[in-house]
Asker: 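Okay, here's the structure, questions in a sec.
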Amino acid sequence: MVAMNRFSKFNYTILFSLFIVLLSCSGVEVIENNQHGHETSSAPEVGQQGEVARKRIEHPKKEAVSKNLDFTDHSHKNEFSTVENTKRVKSFCGDIDKKFNKYGWGKSHCESYKWIHVRDTHQGRPIMWTVFGDEEEHKQEPKNMTLVLCGVHGDEITPIKFCFDILHHLYHEVATIEGQKKLKDNLVAVAPIVSPDSFFKRRPTRTNSRGIDPNRNFPTRDWEKKALHLWKTRYGAAKRRYPGKVANSEQETIFQVNIISRYNPNKIITVHAPLTILDYDGPVVSNHIHEEDGLALKAEELLNTMSKKANGYRVKNYPFFPGSLGNYAGNERKIPTYTLELPSSDNRNHKKYWKMFRESIDFAVFHAPMTRTEVTARKNQID
C-alpha cells in the first residue's frame with residue numbers, strides 16, 4: 001500500500017511536470033516571483049521589439065542633407081520607401097521595373113528616389129537624375145562633386161543596372177550618421193539612363209531614336225572639322241557610330257552638356273561595356289612644370305586606386321574622339337573623366353560586376369582629385 005502511494009505521488013509529479021512543459025510550449029506565460037517578490041515572466045516580453053521600433057520612428061529626425069536620405073537610425077540600413085514624384089516620372093519608373101523584371105534584376109526601387117526631370121528625349125521619355133548631398137550649399141561653396149552617367153548607349157544594358165546598384169548603395173550605406181558626415185563635403189549626382197529611347201527598344205541600340213550616337217555628338221572644338229570625316233573614313237559610315245549632321249543636336253547630348261555646366265563636377269564617372277578597361281581622360285602630367293600637374297597627379301592616383309580596389313582592373317589610355325564625352329569634359333575642360341568599361345552587356349552578370357567594383361566606386365565618389373580652390377579656379381578660367 002505504501003509502495004502504491006509512493007508510485008501515485010511519483011506519477012503525480014511526472015504529470016505535473018509535463019503539464020508545466022506543455023503550458024510553456026503553448027505560449028502561455030508561467031508567472032513566478034523573483035527574489036524581490038515581484039511578478040516576472042519566464043517568456044519573452046510580448047511586443048518588446050515593436051516598442052523599440054516605435055521609439056525609433058517617433059524619435060525626432062535630424063535634418064537630412066539629401067532628399068534621398070533619412071538619418072533617423074544610424075545603426076540600420078535605410079529601408080526603401082516611396083517618395084513623391086510627378087506622374088510622368090512614376091509612370092517611367094513603372095517602365096523601368098518591367099525592364100528589370102525582364103532581365104532578372106529584381107526591383108529597381110526607382111520610386112524611392114526624388115528625381116529631377118527637366119528634359120525629354122525625342123520620343124518623349126524623361127531624362128532624369130537624382131542627387132545625394134546639399135545642392136544649395138554646393139552653389140555657395142563648391143563641394144567634392146561627382147557626376148555619374150550610365151546608359152549613354154542603350155544596348156549596353158549592364159551599365160544601367162550598375163548605376164542603379166550605385167544608387168542602392170548610396171541609399172543604404174550613406175543613409176547613416178557616418179554617411180551624413182561624408183555628404184557634408186560631397187555631392188553626388190547620378191543619371192542612370194541617359195538614352196532611354198534606345199534602351200527601351202525591343203532590341204536596344206547604341207544610337208538614339210534618331211539614329212545618332214550621343215557619345216559622338218558633343219560640341220567639341222574639332223567636331224566640325226573631324227567628326228563626319230572620321231566617321232566615313234575610319235568607320236566606313238557605320239550607322240551605329242553616326243555623330244549627326246551638327247554637334248549638340250540631340251536631347252541626350254544637350255542633357256549631359258547642361259548637367260556638366262550645372263554642377264561643374266570635380267570628376268565624372270561614366271559606365272559603358274564591354275571593353276573591360278578603366279579609361280581616363282583629363283589633365284595629364286606634362287614633361288615640364290605646369291600648374292595643372294598637381295591635379296593630374298591626384299587624378300591619376302585616383303585612377304590607379306580604383307583599379308587596385310577592383311583587383312587590378314586593366315587601365316588603358318583609350319583615345320577620345322570628336323564629339324565624345326572624354327574629349328569634351330576631360331580634354332577640353334580638364335575635368336577628370338573616368339570611363340569604366342564593364343566586361344560585357346550580359347544581364348546575368350550584374351551581381352558579379354557590382355561586387356567587383358563596389359569598393360572602387362565608393363572610394364572614387366568620396367575622394368576628390370581637386371581641392372575647392374582648384375575647382376573654383378578652373379571654373380573661372382572656363383567662364
Asker: Using only atom types and a distance under 3.5 Å, with no angle test, would you say the side chain of H168 pairs donor to acceptor with the backbone of S108?
Answerer: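 Yes; judged by distance alone, with no hydrogens or angles, the pair exists.
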Asker: Using every non-hydrogen atom in the two residues, find where L295 and P336 come nearest and quote the distance to one decimal.
Answerer: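 Residues L295 and P336, closest heavy atoms: CD1-CG, 4.2 Å.
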Asker: What residues form a salt bridge (charged side-chain N to carboxylate O under 4.0 Å, His left out) with D362, not counting sequence neighbours?
Answerer: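 Per chain and number, D362 pairs via salt bridge (charged side-chain N to carboxylate O under 4.0 Å, His left out) with K182.
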Asker: Using the salt bridge (Lys or Arg N to Asp or Glu O under 4.0 Å) rule, collect all pairs that involve residues 119-131, keeping only residues at least two apart or in two chains.
Answerer: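 Non-adjacent pairs meeting salt bridge (Lys or Arg N to Asp or Glu O under 4.0 Å): R88-D120, R125-D197.
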Asker: Will you find, in the side chains of N144 and K267, an N or O donor that is under 3.5 Å from an N or O acceptor?
Answerer: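 N144 vs K267: donor-acceptor pair found between side chains.
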Asker: Please tell me whether S360 and Y313 have a donor and an acceptor in their side chains that are separated by less than 3.5 angstrom.
Answerer: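 Y313 and S360 do not have a side-chain donor-acceptor pair below 3.5 Å.
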Asker: Please list all pairs passing the salt bridge (Lys or Arg N to Asp or Glu O under 4.0 Å) test where one or both residues lie in residues 225-235, with sequence neighbours left out.
Answerer: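 Every candidate salt bridge (Lys or Arg N to Asp or Glu O under 4.0 Å) pair involving residues 225-235 fails, so no pair, neighbours aside, qualifies.
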Asker: Between F321 and N327, does the side-chain contact (heavy atoms from CB on, under 4.5 Å) criterion hold? Intermediate values first, please.
Answerer: CA-CA 6 Å; F321 301 90; N327 193 350; over 6 Å; no
Asker: Whether the side chain of H169 engages the backbone of D165 through a donor-acceptor N/O pair (distance < 3.5 Å, no angle test) should be reported.
Answerer: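 No; zero donor-acceptor contacts below 3.5 Å.
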Asker: So, are K143 and E137 salt-bridged, with charged N and O less than 4.0 Å apart?
Answerer: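 So K143 pairs with E137 through a salt bridge.
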Asker: Would you say NZ of K90 has more than 12 non-hydrogen atoms from neighbouring residues, nucleotides or ligands within 6.0 angstrom?
Answerer: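 Result for NZ/K90: enclosed.
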Asker: If hydrophobic clusters are built from ILVMFWY residues whose side chains come within less than 4.5 Å, do F100 and Y171 share one?
Answerer: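 Yes, one cluster joins them.
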Asker: Of all residues at least two apart in sequence or in a different chain, which pass the salt bridge (charged side-chain N to carboxylate O under 4.0 Å, His left out) check with R262?
Answerer: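 Per chain and number, R262 pairs via salt bridge (charged side-chain N to carboxylate O under 4.0 Å, His left out) with E135.
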Asker: Are a donor atom and an acceptor atom from the side chains of E341 and H272 found within less than 3.5 Å of each other?
Answerer: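 Judged by distance alone, the side chains do not pair up.
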Asker: Do the side chain of N248 and the main chain of N217 share a donor and acceptor less than 3.5 angstrom apart?
Answerer: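 Side chain of N248 to backbone of N217, a donor-acceptor pair under 3.5 Å: no, none is there.
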Asker: So which atom in L183 and which in G133 form the shortest heavy-atom distance, rounded to 0.1 Å?
Answerer: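 Smallest interatomic distance, heavy atoms only, reads CD1-N, 4.0 Å.
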Asker: List the steps, then state whether side-chain contact (heavy atoms from CB on, under 4.5 Å) holds for R314 with L278.
Answerer: CA-CA 6 Å; R314 183 165 65 116; L278 186 58; over 6 Å; no
Asker: Examine R333 relative to Y328 and say whether NZ or CZ is less than 6.0 Å from the centre of the six-membered ring and inside a 45° cone about the ring axis.
Answerer: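 Satisfied, under 6.0 Å and within 45°.
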Asker: Measuring centre to centre across the rings, with the benzene-like ring taken for any Trp, is Y353 within less than 6.0 Å of F162?
Answerer: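 Here the rings of F162 and Y353 have centres that are no less than 6.0 Å from each other.
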Asker: Would you kindly confirm whether L147 and I116 end up in one hydrophobic cluster when ILVMFWY residues are joined by side chain heavy atoms under 4.5 Å apart?
Answerer: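 Yes, L147 and I116 fall within the same hydrophobic cluster.
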Asker: What is the minimum heavy-atom distance between H350 and K161, and which atoms define it?
Answerer: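 Scanning both residues, the minimum pair turns out to be ND1-NZ, 3.3 Å.
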Asker: Could you report the tightest heavy-atom contact between P283 and A296, atom names first, then the distance?
Answerer: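 Taking every non-hydrogen atom into account, O-CB, 3.4 Å.
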Asker: L342 versus T276: any side-chain heavy-atom pair under 4.5 Å?
Answerer: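 No, their side chains stay 4.5 Å or more apart.
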Asker: Could you go through residues 201-208 and list every donor-acceptor pair under 3.5 Å that involves a side-chain atom there, pairing it with any protein atom two or more places apart or in another chain?
Answerer:
| from | atom 1 | to | atom 2 | distance (Å) |
| --- | --- | --- | --- | --- |
| K201 | NZ | T205 | OG1 | 3.1 |
| T205 | OG1 | T207 | O | 2.8 |
| R206 | NE | D213 | OD2 | 2.9 |
| R206 | NE | R240 | O | 3.2 |
| R206 | NH2 | D213 | OD2 | 2.9 |
| N208 | OD1 | R210 | N | 2.9 |
| N208 | OD1 | G211 | N | 3.1 |
| N208 | OD1 | I212 | N | 2.9 |
| N208 | ND2 | E250 | OE1 | 2.9 |
| N208 | ND2 | E252 | OE1 | 3.1 |

Asker: Can you tell me how far the CD1 atom of I259 sits from the CH2 atom of W129, to the nearest 0.5 Å?
Answerer: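 Answer for the CD1-CH2 pair, I259 versus W129, is 5.0 Å.
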Asker: Can a salt bridge be assigned to the pair K139 and E136 using a cut-off of 4.0 Å between side-chain N and carboxylate O?
Answerer: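 Salt bridge flag = yes for E136 with K139.
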Asker: Between atom CD of E156 and atom OG of S195, what is the distance when rounded to the nearest 0.5 Å?
Answerer: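 E156 atom CD to S195 atom OG measures 10.0 Å (nearest 0.5 Å).
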Asker: Drop me the distance from S112's OG to K114's NZ, to the nearest 0.5 angstrom.
Answerer: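 Reported value, rounded in 0.5 Å steps: 13.0 Å.
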Asker: When you compare the side chains of T337 and D281, does any donor N or O come within less than 3.5 Å of an acceptor on the partner?
Answerer: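 T337 vs D281: no donor-acceptor pair found between side chains.
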Asker: Flag the pair W223 / F218 as yes when their ring centroid distance falls below 6.0 Å, and as no otherwise.
Answerer: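 Ring centroids of W223 and F218 are no less than 6.0 Å from each other.
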Asker: Count the heavy atoms of every other residue, nucleotide or ligand shown that sit under 6.0 Å from CD of E301, and state whether that count exceeds 12.
Answerer: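 No - once you tally the heavy atoms of other residues, nucleotides and ligands closer than 6.0 Å, there are 12 at most.
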Asker: Under 4.0 Å between a side-chain nitrogen and a carboxylate oxygen: does that hold for K99 and D95?
Answerer: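 No, no charged N to carboxylate O under 4.0 Å.
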Asker: With rounding to the nearest 0.5 angstrom, report the CZ to CD distance, F92 to E111.
Answerer: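 Nearest 0.5 Å value for the CZ-CD distance: 13.5 Å.
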Asker: Under the side chain to side chain donor-acceptor pair (under 3.5 Å) rule, collect the residues that match up with E300, sequence neighbours excluded.
Answerer: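 Partners of E300 by the side chain to side chain donor-acceptor pair (under 3.5 Å) criterion come out as none, since no residue qualifies.
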Asker: Do L187 and Y263 have side chains that get closer than 4.5 Å, going by heavy atoms?
Answerer: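 SC-SC contact between L187 and Y263 confirmed.
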Asker: Which heavy atom of V365 sits nearest to which heavy atom of V188, and what is that distance?
Answerer: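 Nearest heavy atoms, V365 then V188: CG1-CG2, 3.3 Å.
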Asker: Has W231 got a side-chain atom pairing as donor or acceptor with A238's backbone, closer than 3.5 angstrom?
Answerer: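 Checking the backbone N and O of A238 against the side chain of W231, a donor-acceptor pair under 3.5 Å is found.
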Asker: Begin with the C-alpha distance, continue with both residues' side-chain angles, and end with the deciding distance and a verdict on side-chain contact (heavy atoms from CB on, under 4.5 Å) for L325 and I260.
Answerer: CA-CA 10 Å; L325 173 68; I260 290 170; 3.8 Å; yes
Asker: Given the rule in the side-chain contact (heavy atoms from CB on, under 4.5 Å) test, do H117 and I127 qualify, once you have shown the distances and angles that lead to the verdict?
Answerer: CA-CA 6 Å; H117 161 227; I127 309 176; 6.0 Å; no
Asker: Can you check whether L230's main-chain N or O pairs, donor with acceptor, with Y235's side chain at less than 3.5 Å?
Answerer: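 No: the side chain of Y235 does not pair with the backbone of L230.
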Asker: Side-chain heavy atoms nearer than 4.5 Å, only ILVMFWY residues, links allowed to pass through others: does that put V257 and L149 together?
Answerer: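 Yes: a chain of side-chain contacts under 4.5 Å links V257 to L149.
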Asker: Should F164 and W105 count as side-chain neighbours, where that means a heavy-atom distance under 4.5 Å?
Answerer: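 No, every pair of side-chain atoms sits at 4.5 Å or beyond.
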